**Q** 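Here it is, the structure, as structure tokens.
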Protein chains: 2
Amino acid sequence: MIRDPLYQLIWMSRPLMQAAEAAVERGLQGSGLTVRMRAVLEILHRNGDASVPELAARLEIKRQYVQVMVNETLQAGLTERRVNPRHKSSALVSLTDTGRALIADVLDREAVLVAQIGAGIDPAEAERALNVVQALTEKLKASVKE
Amino acid sequence: MIRDPLYQLIWMSRPLMQAAEAAVERGLQGSGLTVRMRAVLEILHRNGDASVPELAARLEIKRQYVQVMVNETLQAGLTERRVNPRHKSSALVSLTDTGRALIADVLDREAVLVAQIGAGIDPAEAERALNVVQALTEKLKASVKE
DNA sequence: TCAAAATGACATGTATAATGTCAATAAGTT
DNA sequence: AACTTATTGACATTATACATGTCATTTTGA
């Protein structure tokens, strides 16, 4: 029962997450970024400008907290407000040149780290593991909703 | 880069963990247990009596917080203090009959849930995924320590 | 024997959110 | 155009899950 690989996999998610977050935090050393600022910048970098409620939807956390995160990036000069053609009082948050350069650099260094780590792990195995983990997550979510 | 399965796997750890914790929480409904009390009881159930510092070592969180968790289980009558032959002022925490029955029931129901969820997942695949996740966690930890 | 370590208890601090509320605006509806 | 309803930003409060600091009391081990 305790030997059930699925059970063990479920309980490995916390150590994995903690290790991942520690690694991210370490990669942020000296950048002046916090993990939560990084999260905002990453989404903007990957998906382009977005309003605070849109960011909240992607992050799956409440807009009120995302607002706090975004305000920090605005204050740091890493993002700026732009007119939102879709909603006139809800500005789009957009990376500044500084912000774009910074997040690009952070993500690059993270990619290098992942590549180093991936050296000992077969990409095909990783892909299969990813599929299992995704399926497992879906099923767990579904079990709670029932 | 964003398509790197390893990268995706790393970022799936948070959703997986959240889904898992939501499922655990749901399984605790009506038991009067909190997630943190359950964690204490589970360790005692699997490994037998332990002192607070020993529990803290297993949980990898600070003894001061574990003390709080344990005190809640003591107050709920789910655990009791026993003389510790190894350290005379640090009692062993031990399950009461009530506590033992309760955690056994909770773990049983969790096992049923895992079995249901496992229905759609090949155990061999789960085992391979577990190996990948464990290796990945180790490597991430090592990368932070360097 | 005596210094160093371990323990319980308590107080305070911190990160990551959720929740509640309000006023200003915007959108959709008639 | 008027009116209702929804959205947004801003701010305050609360909650959870820990870490950290400190102290007095044992306990251990040299």
Side-chain angles (χ1 to χ4, degrees), chain A residues 11 13-15 17-26 28-29 32-43 49-75 79-94 144, chain B residues 11 13-15 17-22 24-26 28 33-40 42-43 49-75 79-94 144:
Chain A
W11 291 109
S13 64
R14 172 179 279 269
M17 198 198 83
Q18 286 175 338
E21 294 200 344
V24 167
E25 235 180 290
R26 203 209 180 192
L28 256 29
Q29 292 284 357
L33 284 179
T34 61
V35 175
R36 66 199 206 184
M37 288 164 77
R38 177 202 165 284
V40 169
L41 300 189
E42 182 185 15
I43 294 183
D49 300 357
S51 68
V52 168
E54 284 165 1
L55 287 169
R58 283 206 185 266
L59 288 165
E60 293 183 82
I61 53 183
K62 298 294 167 185
R63 67 184 176 81
Q64 287 90 336
Y65 187 53
V66 174
Q67 187 81 51
V68 171
M69 297 160 73
V70 165
N71 287 348
E72 288 172 351
T73 67
L74 286 166
Q75 209 171 337
T79 58
E80 60 189 5
R81 293 176 207 271
R82 292 220 180 142
V83 171
N84 182 352
R86 297 208 147 193
H87 192 119
K88 291 186 183 169
S89 77
S90 183
L92 287 177
V93 182
S94 180
V144 172
Chain B
W11 290 109
S13 64
R14 172 181 277 271
M17 198 198 84
Q18 286 176 339
E21 295 201 343
V24 167
E25 235 181 289
R26 204 209 177 193
L28 256 30
L33 283 178
T34 62
V35 175
R36 68 200 205 186
M37 287 163 79
R38 177 202 167 283
V40 169
E42 183 185 16
I43 294 183
D49 300 357
S51 68
V52 168
E54 282 164 4
L55 287 168
R58 283 207 186 262
L59 288 165
E60 293 184 83
I61 54 184
K62 299 294 166 183
R63 69 185 175 82
Q64 286 90 334
Y65 187 53
V66 174
Q67 187 80 53
V68 171
M69 298 160 72
V70 165
N71 288 348
E72 288 171 352
T73 67
L74 286 165
Q75 208 171 336
T79 58
E80 60 188 5
R81 292 174 208 273
R82 293 222 179 140
V83 171
N84 183 351
R86 296 207 149 191
H87 191 118
K88 291 187 184 168
S89 78
S90 182
L92 287 178
V93 182
S94 180
V144 171

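In this text, all values refer to a predicted model and were calculated from it rather than measured experimentally. Throughout, protein chains are lettered first and strands after them, A, B, ... in sequence-line order, and every chain is numbered starting at 1.
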**Q** Check whether any side-chain N or O of B:Arg63 sits under 4.0 Å from OP1 or OP2 of C:dC10, and answer yes or no.
**A** no
**Q** Which heavy atom of B:Ala39 sits nearest a heavy atom of B:Leu59, and at what distance?
**A** CB-CD2, 4.2 Å
**Q** For the side chain of A:Gln64 and the base of D:dG9, is some donor closer than 3.5 Å to an acceptor across the two?
**A** no
**Q** Between A:Met69 and B:Ser89, who's closer to the 5' end of DNA chain C by nearest nucleotide?
**A** B:Ser89
**Q** Please classify the nucleic acid contact of A:Val52 as base, sugar-phosphate, or nothing, using heavy-atom distances under 4.0 Å.
**A** sugar-phosphate
**Q** Taking only N and O in the side chain of A:Ser90, is any of them less than 4.0 Å away from OP1 or OP2 of D:dG9?
**A** yes
**Q** Hey, which sits more toward the 5' end of DNA chain D by its nearest nucleotide, A:Gln18 or A:Ser51?
**A** A:Ser51
**Q** From C-beta outward on B:Arg14, which listed nucleotide comes closest to its side chain: C:dA17, D:dT27, D:dA10?
**A** C:dA17
**Q** So which heavy atom on A:Arg63 is nearest to which on A:Val52, and how close?
**A** O-CG1, 3.8 Å
**Q** On DNA chain C, does the nearest nucleotide to A:Glu60 precede the nearest nucleotide to A:Pro85 from the 5' side, or the other way round? Give the residue.
**A** A:Glu60
**Q** Just the rounded figure in Å: distance from C1' of C:dT14 to NZ of B:Lys62.
**A** 15 Å
**Q** Taking for each residue the nucleotide of DNA chain D bearing the nearest heavy atom, is the 5' side occupied by B:Lys88 or by A:Asn71?
**A** A:Asn71
**Q** Tell me the interatomic distance from B:Gln67, atom CD, to D:dC18, atom P, rounded to whole angstroms.
**A** 16 Å
**Q** If you check every side-chain atom of A:Tyr65, which of C:dA18, C:dG8, C:dT16 has the closest atom?
**A** C:dT16
**Q** Using whole Å, report how far CG of B:Leu55 lies from C1' of C:dG8.
**A** 14 Å
**Q** At their closest point, which heavy atom of A:Ala22 faces which heavy atom of B:Val144, and how far apart are they?
**A** C-CG2, 3.8 Å
